[in-house]
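First up is the structure itself, then whatever we jot down about it.
Note that the structure is a prediction, hence the values are computed from the model and not measured. Both backbone and side-chain heavy atoms feed into the values below; hydrogens, waters and symmetry mates do not. Throughout, residue positions are numbered sequentially from 1 according to the sequence presented.
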Amino acid sequence: MIAVTTTELDERQGEPLLHNPRSLSNEEEEDITNTPSTSASNASPPPTQRLLSLDVFRGLTVALMILVDDAGGAFPCINHSPWFGVTLADFVMPFFLFVVGVSISLVFKKVSSKPMATKKVILRTFKLFLLGLLLQGGYFHGRHDLTYGVDVGKIRWMGVLQRISIGYLFAAMSEIWLVDRITVDSPMAFVKKYYIQWMVAFLFCTFYMCLLYGLYVPDWEFEVPSTNLFGYEFGTKIGFNSPHNHLAERILTLIVSQHCSVNSPDYGPLPPNSPGWCLAPFDPEGILSSLMAAITCFLGLQFGHILVHFKGHMQRLCLWSVCSFIILITGYVFELLGVPLCKPLYTLSYMCITAGASGLALTIIFYIVSLSFEYYLINIKINNE
């Protein structure tokens, strides 16, 4: 997984939070293309630098994923929300995407060859997508009746790793090709360097909202796979017919109607008057929602830019906190305006709230790890004296 294996190039000047706090010159920093040096070929490579707080964030996200996967059945309140609402499990995917964005900003802060870096990004995206396809594509459908092989009708093209690969691709390509290579020595220079990325993210959000609320959806029907709480027998066909087949009106209907669980946002039995679409097949990692999930990577990318260009810890903490609260408030405003919190659709309000929470989590972890590491260095210095 890219969120776990990405190598970060961290802050210079020997600041805390590094495994090796020794100062590094620009010549010693490793760039993304790993181009071999023209000098002595026997020279040992520079030590790899990692940002401890980002590693801690990754580890805690993996631990949270294991927790909700194993304990979600026993404690429905932390399991994924069936439709509307946000639970603890619904923060795992945005945390991973956010960490990917931060990592990209560190890895691609120095690119010696854009074509070579692009090739590496495309190759890594393809590997990650293929791995997700093998794990979640439906290739193990015959394990109980000993019928193996590929059933094209059962392949699931999208999934968790596929979504991460899409977010990684968009964020990495924008960092390689859409950044003005200027020196950031003022806030205006920072804006000038990355404003194209911000415009692309805004266009993605606009495109998503236009499709979500303006796309025409024809009538459709599906066949009930088994007997269920609605009382429908196997093979019963349920249709969705409406004279107004726009997604905006569909979503408005969903907001005012009953959810697909009496314990929403927890899992639970279906309400007696639930609409028929609660039984319809639905892919929670669809193409449109993956496009909005990529914006989470973009936001993590901007938090990484703050880490790269602002060397003072207090500067980073203040900027991260302000940005996180702004994103959180934006998400709540969208929710009040009628955009529901919905992870399966990865709505704009859900994206903002989870991304803001990711930024706050990184800020808190960075602060704790920074204090701990500085305390550790002080103790070493005292003991040596």
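Side-chain contact between Y194 and E175 is present, with at least one heavy-atom pair separated by less than 4.5 Å. Taking the side chain as every heavy atom from C-beta outward, L328 and I353 approach each other to under 4.5 Å. L301 places a side-chain heavy atom less than 4.5 Å from the side chain of S174. Proximity of V62 to F96: side-chain heavy atoms (C-beta onward) are separated by under 4.5 Å at one or more points. Using a 4.5 Å heavy-atom cutoff, the side chains of R58 and D55 are in contact. At a threshold of 4.5 Å between non-hydrogen side-chain atoms, the residues K119 and M116 do not count as touching. For the pair R163/S289, a side-chain contact is recorded, criterion being any heavy-atom separation below 4.5 Å from C-beta on. L345 is listed as a side-chain neighbour of Y208, based on a closest heavy-atom distance under 4.5 Å.
In terms of the side-chain contact (heavy atoms from CB on, under 4.5 Å) criterion, residue partners of M209 (sequence neighbours excluded) are, by chain and number, Y213, V339, L348. Here A201 pairs with I295, F298 under the side-chain contact (heavy atoms from CB on, under 4.5 Å) rule; sequence neighbours left out. With sequence neighbours excluded, the residues forming a side-chain hydrogen bond (donor to acceptor under 3.5 Å, both in side chains) with Q302 are Q197, W198, H305, listed by chain and number. Here Y367 pairs with nothing under the side-chain hydrogen bond (donor to acceptor under 3.5 Å, both in side chains) rule; sequence neighbours left out. Considering only residues two or more places apart in sequence or on other chains, T125 meets the side-chain hydrogen bond (donor to acceptor under 3.5 Å, both in side chains) condition with none of them. Residues forming a side-chain contact (heavy atoms from CB on, under 4.5 Å) with I166 (at least two apart in sequence, or on another chain): M158, F170, S290.
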Worksheet entry | Steps toward side chain to side chain contact (heavy atoms under 4.5 Å, CB included) verdict (L169, S165) | CA-CA 6 Å; L169 176 65; S165 68; over 6 Å; no
Worksheet item: What's the verdict on side chain to side chain contact (heavy atoms under 4.5 Å, CB included) for L97 and C297, showing C-alpha distance, side-chain angles and the deciding distance?
Response: CA-CA 5 Å; L97 292 170; C297 284; 3.9 Å; yes
Item to complete: Applying side chain to side chain contact (heavy atoms under 4.5 Å, CB included), run through V308 and V184 and close with a yes or a no.
Response: CA-CA 10 Å; V308 170; V184 176; over 6 Å; no
Worksheet item: So L54 and L362, side chain to side chain contact (heavy atoms under 4.5 Å, CB included) or not? Walk me through it.
Response: CA-CA 7 Å; L54 197 60; L362 178 62; 4.3 Å; yes
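Looking at every heavy atom in both residues, L133 comes nearest to Q162 through N-NE2, 3.5 Å. Among all heavy-atom pairs drawn from T87 and H80, the shortest one is OG1-CA, 3.7 Å. Taking all atoms of both residues into account, the shortest heavy-atom contact from T61 to V92 is CG2-O, 3.9 Å. In this structure, A117 and F108 approach most closely via the heavy-atom pair CB-CE2, 4.2 Å. When all heavy atoms of V121 and M173 are compared, the closest pair comes out as CG1-SD, 4.1 Å. Smallest separation of non-hydrogen atoms from C352 and G331: CB-CA, 3.5 Å.
Note on L299 and V322: separate hydrophobic clusters, where clusters join Ile, Leu, Val, Met, Phe, Trp and Tyr whose side-chain heavy atoms are under 4.5 Å apart, directly or indirectly. Note: the hydrophobic cluster containing F202 does not contain L178 (ILVMFWY, side chain heavy atoms under 4.5 Å, direct or indirect links). Residues L128 and L123 are members of separate hydrophobic clusters, defined by side-chain heavy-atom contacts under 4.5 angstrom among Ile, Leu, Val, Met, Phe, Trp and Tyr. When the side chains of ILVMFWY residues are joined at heavy-atom separations under 4.5 Å, either directly or via intervening members, M351 and I326 end up in two distinct hydrophobic clusters. I66 and F57 fall within the same hydrophobic cluster, where Ile, Leu, Val, Met, Phe, Trp and Tyr residues are linked whenever their side-chain heavy atoms come under 4.5 Å apart, directly or through other members.
Among residues at least two apart or in separate chains, there is no side-chain hydrogen bond (donor to acceptor under 3.5 Å, both in side chains) pair with a member in residues 318-337. Listed by first then second residue, pairs satisfying side-chain hydrogen bond (donor to acceptor under 3.5 Å, both in side chains) with a partner in residues 177-190 read T118-W177, not counting sequence neighbours. Here side-chain hydrogen bond (donor to acceptor under 3.5 Å, both in side chains) pairs that include residues 338-364, with residues two or more places apart or in two chains, are T296-Y346, T347-S349.
Listed by chain and number, the hydrophobic cluster partners of I368 are I364, where partners are ILVMFWY side chains within reach of under 4.5 Å, directly or through others. By the 4.5 Å side-chain criterion applied to Ile, Leu, Val, Met, Phe, Trp and Tyr, V333 is assigned to a cluster that also includes I329, L337. Under the 4.5 angstrom side-chain criterion for Ile, Leu, Val, Met, Phe, Trp and Tyr, L336 has no cluster partners at all.
If you take CZ on F310 and CZ on F190, they are separated by 5.5 Å, rounding to the nearest 0.5 Å. Rounding to the nearest 0.5 Å places CZ of F366 at 6.5 Å from CG of L51. Put simply, CG on L307 and NE2 on H313 are 9.5 Å apart, with the number rounded to the nearest 0.5 Å. Atom CG of L131 and atom CG of L161 lie 5.5 Å apart (nearest 0.5 Å). Atom NZ of K193 and atom CD1 of I182 lie 6.0 Å apart (nearest 0.5 Å).
Shown here is I287, whose CD1 atom has no more than 12 heavy atoms of other residues, nucleotides or ligands within 6.0 Å.
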